[in-house]
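All remarks here apply to the structure that follows.
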There are 2 protein chains.
Amino acid sequence: MAQPAKRAETAKRVKGATPGTGRRAGLDRADMVAKAIELVEAEGPDALSMRRLATELNVATTTIYWHVGSRDELVTEIIRHQSERLAARPIKGKKPRDRIMSAATHIWESSIEHRAITSLAHQAGSSSLLQYPFEVVLATELEAAGLVGPEAALALQSIRATVTGFLVLALRDESSIPRDRRTTAVWAASEAELDRSTLDALATEPDLNKLFEITLQAVIDNHL
Amino acid sequence: MAQPAKRAETAKRVKGATPGTGRRAGLDRADMVAKAIELVEAEGPDALSMRRLATELNVATTTIYWHVGSRDELVTEIIRHQSERLAARPIKGKKPRDRIMSAATHIWESSIEHRAITSLAHQAGSSSLLQYPFEVVLATELEAAGLVGPEAALALQSIRATVTGFLVLALRDESSIPRDRRTTAVWAASEAELDRSTLDALATEPDLNKLFEITLQAVIDNHL
DNA sequence: ATCGGTCTGTAACAGTGTGCAAGTAACACT
DNA sequence: AGTGTTACTTGCACACTGTTACAGACCGAT
C-alpha cells in the first residue's frame, strides 16, 4: 500500500507522548504540516527541506513521505492550512469604493504578515490557493458595487495583478541579493541623462505601502 | 590565483577552432555566456545547471568555474548581456500619455518575448538589472511629460510594480502547476455565494494583454 | 630547459527530492 | 496464546544540484 494521502486517523492515539512501546513516532500528518509551517515562518521558505523537517521531528526522512506523499503535497497542505487560518478581517468603509479598497488591502497586509509562507506559495505557484479566500471577499464587494460577470472578473484580475506586483517587490529578500544588483543601487550608479532630482529619487528606497495605496486606488477607480 | 573575473583576453586567440595543441578548449567567457543564453532560451531557466552547460560545451564543469566564477556570476552576466542586446524599440505616439504607455509596454513585450531569461532574472532577484535600460527610457518620457524628481520616481515605481505583477502572472509556468491549483481551477471549484456569471468569468483564463493595457493606462493616468 | 601563468580534468563534499525493500510494533481474530 | 494483517518507520541508494581542492597539461618567456 502506498500512502494515506487522506487523513487516516484509523486509530485514536495521543499525539503528545509516544503511544505504544516507543517504536512508533506517534506523529500525524497534521503534526508534520504544523512543524513545517513553524519552520518556514521561523527561517524562511528555503529552510524547508525534507531532511531538515525530519530532523526537526526526530524522524527519518521517509516517514514524512509516508505521511504527506511528497514535498509538493506538503507545501500545498501548508498553504491550504494557512489559507483557512487567515483571520477574516472586517471590511472597513461604507462606500463600495472604500470597501473594495479595504478588501484588497487585506490581501496585501496578510501576505506581508506571513511573508515566508507567501513566498513559499509563490515559489510553488500556488498563490491562487492562498489568496482565494481573500478574493472571494473582494469579489463580493465588487458585486456589491454593481459589477457582475465579466466586469467583476476584470476588476478582480486587475487588482490581483497589481497586488501581486507589489508583493513581489515587497517580499523579495533583499538581503540575499548582492548590493550592486538591487534596484536602488542600479539607479544610484546610473548615468542616464535625467534630472538629478529624479535620479536621486529613484535611488531611494520607495515607500511601498504608500505607493501601494496610491496605485491600487487608481486601479480600482478605473473599474467603477 | 583565482579566476579572471574581468574579461582576460590576454592572448588573442581564434575561438572557433581549437588553438594550440588540442588540450585547450579554446573557449571564452563570452562563449559560456552565449551557450548559457542559448540553453536557457531553448529549455527554460531550470535547465541551466553548471554540469549541463559543461556537457553542452564539451568541457568539464570546473572549466566554467574558471571562466565565470560561479553560477551567480554567470546569471548576472547573462542578464547584463541580454539587457544590452535588447533592441531599443521606438517609442510610439505624440502625446506624453501615449509615449509613456508605449515605453511601459516595451518592458512588458520584451519580457514576454524573452520569457525564459526574464524568469531567470526574476529567480535570481536581478530583474532590476534587466529592466534598467527600459526604465531609463520610461523615466525620460515621464520627464518629458512634466514629471521630475519624486513625482517621476513615484510614477515609475508605480508602473514598475504593475508591470511586475502582470509579468509574474503571465510568466509563471502553468504547465508545471498541478491543474487543481491553477487560478481558474480554484475558481471553477468555488462555492462562493457570487453571481453565476461572475464565477464563470473568474474560471476563465483572462486575456492578460488586454487587461494589462487597461490597468496600466489607469495607473499612468493617475500620475499625469 | 626551466619557470610560471593559463587553463582543464578528476574526484570529492555537502546538499537536495525521492523510491525501494525490509523491518518492527500494534491491533484483530482465532 | 498464537497468528496474520495493517500501520508505520527506517536505512540505503539513486540521480541530481553548486562548489572546491588538487593535479596536472599546455604555452610563452626567460
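Chain naming here is simple, since letters A, B, ... match the order of the sequence lines and numbering starts at 1 in each.
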| query | Rounded to the nearest Å, what distance is computed from the CG atom of residue Asp28(B) to the P atom of nucleotide dT6(C)? | reply | 14 Å
| query | Salt-bridged, Arg181(A) to Glu174(A), with N to O below 4.0 Å? | reply | no
| Base, sugar-phosphate alone, or nothing: which one does Thr61(A) contact when heavy atoms must sit under 4.0 Å apart? | base
| query | Does a donor on one side chain and an acceptor on the other come within less than 3.5 Å for Ser190(B) and Tyr132(A)? | reply | yes
| task | Using only side-chain N and O atoms of Thr63(A), determine if any of them is under 4.0 Å from OP1 or OP2 of dT10(D). | result | yes
| query | Whole Å only: how far is the CZ atom of Arg29(B) from the C1' atom of dC7(C)? | reply | 15 Å
| d(CH2, Trp66(A); C1', dT24(C)) in whole Å | 14 Å
| said: Looking only at side-chain N and O atoms, does Asp72(B) offer a donor or acceptor that is under 3.5 Å from a partner on Ser70(B)? | reply: no
| query | Any side-chain donor-acceptor pair under 3.5 Å between Thr215(A) and Ser158(B)? | reply | yes
| message | Rounded to whole Å, how long is the line connecting atom CD1 of Ile64(A) with atom P of dG11(D)? | response | 13 Å
| field | Arg71(A), nearest nucleotide to its side chain (from dG19(C), dT18(C), dG9(C)) | value | dT18(C)
| said: Is it the case that the side chain of Arg182(A) and the backbone of Ile177(A) share a donor-acceptor pair, with hydrogens and angles ignored and the cut-off at 3.5 Å? | reply: yes
| query | Judged by modelled atom types alone, do Arg172(A) and Ser127(B) share a side-chain donor-acceptor pair under 3.5 Å? | reply | yes
| Arg29(B)/Glu73(B) ion pair, N-O < 4.0 Å | yes
| query | For Leu27(A) and dA7(D), what is the distance between atoms CG and C1' respectively, to the nearest whole Å? | reply | 14 Å
| query | Of all of residues 32-41 of chain B, which get a heavy atom below 4.0 angstrom from DNA chain D, listed by number? | reply | none
| query | What nucleotide among dA11(C), dG11(D), dT18(C) has an atom nearest to a side-chain atom of Tyr65(A)? | reply | dT18(C)
| query | Using a heavy-atom distance cut-off of less than 4.0 Å, which residues of residues 42-54 of chain B contact DNA chain D? | reply | Leu48(B), Ser49(B), Met50(B), Arg51(B)
| message | Taking Lys35(B) first and then Glu38(B), would you say they form a salt bridge - that is, a charged N and a carboxylate O separated by under 4.0 Å? | response | yes
| said: We want to know whether Trp187(A) and Asp200(A) form a side-chain donor-acceptor pair, criterion being a heavy-atom distance below 3.5 angstrom. | reply: no
| Taking OP1 and OP2 of dA7(D), is either one under 4.0 Å from a side-chain nitrogen or oxygen of His67(A)? | no
